[in-house]
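Each chain gets a letter, A, B and so on, in the order its sequence line appears, and its residues count up from 1. Predicted model, so just to flag it, every value in this text is computed and none were measured.
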Amino acid sequence: MRSALLKLFRNRKFSNYYLGSFAVLFLAAFFAKPLFGQATGEVAHSGGEHAFKYFSLFSDPKYTSLEIYSLIAVLGVAVLGLIYAAMLAIQVKAADQGTKRMQDIAAAVREGADAYMTAQRGKIVPLIAIITLVLYFTTQSEEGAFKLGRAGAFLVGSFFSWLVGFVGMRLATMGNLRVAAAARSSYGEAMQLGYRTGTVTGMLTDGLGLLGGTLIFIAYGEQAYEALLGFGFGGTLLALFMRVGGGIYTKAADVGADLVGKIEKNIPEDDPRNAATIADNVGDNVGDCAGMAADIFESYEVTIVAAMILGLASFGHKGVIFPLLVRGIGVLGSIISTYTVKAGPNDNSDSALKSVHNGFWIGSIISVVGFIALGISYLKFDAAYLLNNPMAKAGFPNGDPTQLPVWATFGIANADMRPVITCFIGVVLAIALNKVTSYFTHTTHAPVKSLAKACQTGHATNIIQGFAVGYESTVATVVVIAGAILLSYLCYMGTPPLFVAYGVAMTGIGMLTLTGNTISMDVFGPVADNANGIGEMGYDPEEMEKNEKGSYKKARQILSDLDAVGNTTKAETKGIAIGSAVIAAVSLFASFIAVIAVGSEDKISQMTTEQYLAEAGKLTVAHPMVFIGFLLGGAVPFLFSSMLIRAVGRAAFLIVKECRIQFRDAEIWAGTKKPDYGRVVDICTKTAQKELVGPAFLAILTPIAVGFLLGTQALGGFLAGMILTGQLLAVFMANAGGAWDNAKKFIEDGNYGGKGSEAHKAAVTGDTVGDPLKDTAGPAVNPLIKVMNMVSLITLGVVMKYTVIDDKLPTQSRAIGLVIGLVCLVVIGWAVLQSKRESKELQEMEKQFES
Amino acid sequence: MKPYLYLSLIPESLIASHLSPEEFGNYLSVGSQKRSRGQAIYFKLSDAYTEATLKKLGMNADLGRSVGEPPRRSAYLNIYRVLEQTPLEALESIHLTTDDGRVLTLKPGAYQQDLAPRFHLYQEFCPVSPRIISTLEPKAFAQEITDSTKPISLPALVFTELKLEAMAEDPEAKAQNLPYTSLEHMRDCMRELKAKPSKKMKTVVRNFHQDLLYRTLRGGFFVATTGNGFRYFPMPSREELESTFYPWWRSALSSFGG
């Protein structure tokens with residue numbers, strides 16, 4: 001029976017067909033029900049006092065016409081963002097594609113990336129289908145619309161997240177060729193094409209994130225919480241898959257290619273004779289484009305989900321609509337500012353980087369001015385509003401908005417500009433995190449220089465110094481993030497914690513206002529990197545020199561400069577990704593407490609401040625269960641990182657072996673025969689897919705196991721511990737890795753002996769150690785933090801009913817909880833063991849190598 | 001099959017081969033099975049000298065290979081005092097091979113003396129291989145080292161000059177892009193030469209046993225023989241390296257895991 005089932009599910013055609021049909025039907029139901037199933041939605045709530053209606057805000061007198069039009073306008077802006085993305089994609093596609101040789105190389109990279117995405121889709125789809133069903137059946141509401149809403153929104157969130165990653169990667173594999181082709185004639189054109197390739201992904205993230213959140217709110221109104229959680233969870237889970245799979249792929253290929261190519265054979269990077277070269281370029285796309293885009297998309301979703309949930313519970317519907325409007329302004333700001341990023345034919349790295357930064361500044365200014373204008377016109381809390389939304393009174397001194405200090409009202413009667421201020425704090429936080437990351441990882445600053453200096457005394461001192469720099473950077477980042485949270489707290493000092501949490505959530509909204517710009521900057525990195533690779537492998541120096549003297553050198557210089565700009569912009573955005581994960585997690589933590597306080601997620605809007613405070617007060621480390629949870633939560637990011645780093649090492653080992661075998665072919669070595677690039681791409685794809693499963697189970701099942709076995713307080717402690725160590729570890733790994741990488745570049749630029757010196761050898765070691773940290777484990781911790789938060793929040797309702805440790809529950813319920821918890825533990829144990837074991841396929845490969 | 005005669009500098013040896021200079025360089029650096037790697041520097045000797053030498057040794061152009069057999073990759077003819085027995089005019093070209101087998105060919109060129117007072121760092125290859133710091137410019141250094149009237153001299157020498165950047169003018173100057181392991185010792189040697197102007201050269205490294213970083217070459221390769229024999233093989237300009245000889249230059253720059 002078991003083998004028959006396994007056979008059935010391993011049959012790709014079968015699973016793809018049925019799972020695809022299932023997804024389509026489910027999505028059809030999710031979209032059709034709000035449009036045609038109004039009557040079925042009108043089932044009374046358990047309390048009997050409310051009846052749910054789709055699109056109720058259109059008939060609810062609480063919402064003004066202006067608010068409804070504004071929401072529709074936000075939808076329009078989201079669509080505009082998507083149209084802008086499509087327009088740029090057409091522009092990029094229409095650009096010159098270079099010579100046939102260049103096109104062949106780009107096609108090989110694209111094929112590899114597609115193969116990876118297809119293989120990943122096969123692995124993820126069944127899991128998504130199962131989770132969709134689990135969500136449908138476990139949603140703690142008797143209302144069918146909510147069950148369908150959460151599960152359907154989960155499916156939509158997953159799909160959007162995957163789409164952002166897929167399109168981002170596809171565009172990058174298209175843009176790299178065009179950039180390499182354009183570099184033969186103009187710096188400005190090449191730079192613009194690269195940046196615009198990134199902007200397509202950025203605007204897709206903006207557009208889809210805003211579209212999803214707004215549509216859900218329009219359809220579900222004040223009950224949007226249910227669907228929003230599903231939407232956020234879907235995006236987050238997919239981002240985890242993209243990040244983990246992409247991270248393993250990119251570094252396994254990179255480390256493998258470097259170990260054989262650069263260290264063993266002393267051949268340059270991207271040398272076409274190296275069989276791992278194409279996989280390395282594919283890795284840049286699946287890791288840095290697909291992974292990062294999905295990661296930021298989930299942050300974008302989760303912050304809006306947190307802000308909307310908390311906004312509803314604190315300030316009522318204005319608290320929900322405001323973040324959506326802010327996001328709309330952000331999208332407009334991104335459209336305008338990304339379009340201003342341009343470079344001339346004679347520009348260089350510095351001026352190009354300045355243009356990218358100017359774009360960010362322009363976007364920030366547009367956004368901040370927009371926030372203020374929006375706040376002045378919309379954030380007015382008059383007596384009529386407070387009458388309809390009485391919970392909002394707690395957010396004002398003595399329940400009266402007129403008693404707010406002048407800084408909070410800007411002198412406008414009944415206005416509350418604190419959400420605007422917290423958004424502004426978010427924008428500043430994004431800039432500050434950019435600066436902190438830049439300080440610790442850029443060659444012009446002391447930390448990287450100190451690493452380069454340490455290289456003079458050997459490999460060990462470089463590693464030691466790298467640890468010191470990485471640790472120090474975590475402190476700086478924590479101080480910046482804590483400072484932002486503190487400022488948000490000060491804005492809402494004296495109000496209940498839910499309002500403070502709303503302020504923090506708005507900081508997250510502000511921080512990701514310019515997501516379009518952030519992703520443009522990030523994706524530009526791998527596009528330029530790939531373009532450089534295509535130039536290396538695909539340019540014909542003799543032909544180019546024949547046509548125009550010096551053109552080859554010039555084109556190579558342009559690509560090299562663009563690569564340098566891309567490395568910088570890519571590094572800068574990593575800080576934002578990590579920071580946004582923490583801010584989103586902190587906001588979600590307040591929702592977590594709120595659900596425990598009221599006992600079920602569908603009653604969150606009925607919560608009182610007293611209930612919230614009472615529950616929050618129980619979460620103290622003086623309580624053993626909280627402390628136990630805290631310890632366990634703190635350990636999970638380490639186990640997760642260890643699984644990923646080990647996975648990279650294992651995959652790289654196989655790649656090295658494969659490349660060595662191919663190098664023995666005299667024709668390959670002589671450059672007269674093309675290596676079998678596909679074989680290395682295959683190894684990377686298989687390994688990345690295999691290694692995806694363990695960390696995913698760890699992320700999803702650990703909070704469930706803790707919740708069922710140790711209770712909600714332990715789960716609260718677990719989340720706190722996980723957020724703390726996860727954030728510290730992510731920043732440490734990203735910055736230490738970045739600093740090691742740039743220390744190597746600093747030496748290669750002619751310092752401390754330059755290339756080939758002893759210091760350089762030490763720097764190469766540091767860079768190799770830092771690679772899996774900064775590009776695999778570090779970035780994957782961001783979605784881990786959010787997935788664990790979302791899973792905790794989503795399962796909380798069920799957990800509270802079946803907690804083993806709660807002696808007030810019936811024995812039968814506790815027994816169910818015990819079974820679920822133990823099953824989770826067994827699966828986690830299996831996943832950890834699996835992550836240490838080599839799969840059959842890999843063992844077969846090894847046998848082939850040995851023979 | 002046409003026979004070639006090569007004078008390899010690492011180690012000093014006379015080798016006959018059917019491989020052309022490019023093929024021979026690739027073979028020397030990575031072997032036939034691609035399981036090894038290593039830098040190679042060698043001279044191609046003129047066809048006339050090749051013919052005469054093979055004749056003298058009683059060898060045919062087939063180097064012992066019958067028809068249908070694969071070409072002879074290497075037949076070692078001599079491994080002792082090869083350079084001093086080879087006439088200067090027979091040194092047709094010098095070939096610099098990178099670790100992964102890319103070959104750059106240097107032809108002899110005219111030498112312009114540079115008499116500005118400064119330090120010079122020389123790497124000797126054959127028959128001995130110390131690294132020397134000297135106040136003599138290359139031609140004067142060549143004459144000095146091959147002057148048989150001096151207590152220490154060589155009958156012939158192949159050497160190259162290495163970059164010193166600002167240290168060429170001032171031993172105390174900053175050296176950011178010099179990958180030499182014995183930089184401080186080198187400064188001591190320069191200080192000593194500065195303090196004793198009568199002393200013209202000092203050994204920095206007694207025996208060179210590492211790959212040569214081609215990016216540190218300054219000018220080119222020199223061959224000196226007793227009786228003021230001197231031949232110069234200039235390196236292409238940086239611009240030429242980055243365009244015409246780019247594959248070789250990229251490979252040269254990637255040495256040591258770059």
Side-chain angles (χ1 to χ4, degrees), chain A residues 258-259 261-274 452 456 536 539 541-542 544-545 548-557 660-671 744-765 767-768, chain B residues 22-23 25-27 29-39 70 73 97-103 162-163 165-166 174-184 186 210-216 237-258:
Chain A
D258 283 0
L259 285 180
K262 289 186 186 176
I263 312 281
E264 278 188 21
K265 296 288 175 189
N266 253 357
I267 57 172
E269 185 159 351
D270 293 326
D271 191 304
R273 292 171 295 173
N274 190 340
Q456 290 180 104
E536 174 68 35
Y539 280 172
E542 283 171 21
M544 286 170 76
E545 287 295 311
E548 189 190 336
K549 192 89 183 131
S551 62
Y552 177 72
K553 189 187 166 192
K554 192 180 153 202
R556 294 284 308 152
Q557 190 58 48
R660 279 180 186 163
I661 287 173
Q662 295 207 29
F663 269 132
R664 283 181 206 153
D665 186 326
E667 286 179 79
I668 291 178
W669 185 255
K744 188 189 83 171
K745 287 196 175 86
F746 184 71
I747 290 176
E748 285 174 355
D749 286 344
N751 296 293
Y752 299 119
K755 262 190 169 184
S757 62
E758 290 301 313
H760 184 234
K761 288 176 199 169
V764 170
T765 302
D767 181 38
T768 311
Chain B
E22 277 71 27
E23 291 166 336
N26 193 274
Y27 167 69
S29 64
V30 296
S32 57
Q33 294 297 313
K34 317 298 160 199
R35 290 174 197 265
S36 64
R37 66 185 174 93
Q39 207 172 56
R73 294 193 187 99
T97 309
T98 62
D99 267 7
D100 66 319
R102 308 257 183 201
V103 181
L162 304 179
K163 282 176 184 164
E165 292 181 348
K174 263 195 166 183
Q176 289 290 19
N177 202 11
L178 299 180
Y180 314 129
T181 47
S182 47
L183 214 55
E184 287 314 306
M186 197 189 296
Q210 222 182 355
D211 281 359
L212 176 72
L213 280 172
Y214 291 128
R215 76 173 176 88
T216 59
S237 68
R238 181 72 183 249
E239 287 221 325
E240 283 175 306
L241 286 173
E242 285 177 349
S243 52
T244 318
F245 307 108
Y246 186 73
W248 181 86
W249 182 232
R250 274 277 287 168
S251 174
L253 284 180
S254 76
S255 288
F256 300 106

Tell me if a side-chain donor or acceptor on B:Arg215 pairs with a main-chain N or O of A:Gly756 at a distance below 3.5 Å. no
Under 4.5 Å to a heavy atom of chain B? For A:Glu536 that would be side chain
Okay, A:Asp271 and chain B: the region with an atom under 4.5 Å from a heavy atom over there is side chain
Sorted by chain and number, sequence neighbours left out, ring pair (Phe, Tyr, Trp, His ring centres under 6.0 Å) with B:Tyr246 holds for A:Tyr552
Across all chains, not counting sequence neighbours, the salt bridge (Lys or Arg N to Asp or Glu O under 4.0 Å) partners of A:Arg660 are A:Glu264
Report task. Count the heavy atoms belonging to other residues, nucleotides or ligands that lie under 6.0 Å from CD of B:Glu240, then report whether that count exceeds 12. Result -> yes
Here the gap from B:Leu183 atom CG to A:Glu758 atom CD, rounded to the nearest 0.5 Å, amounts to 12.0 Å
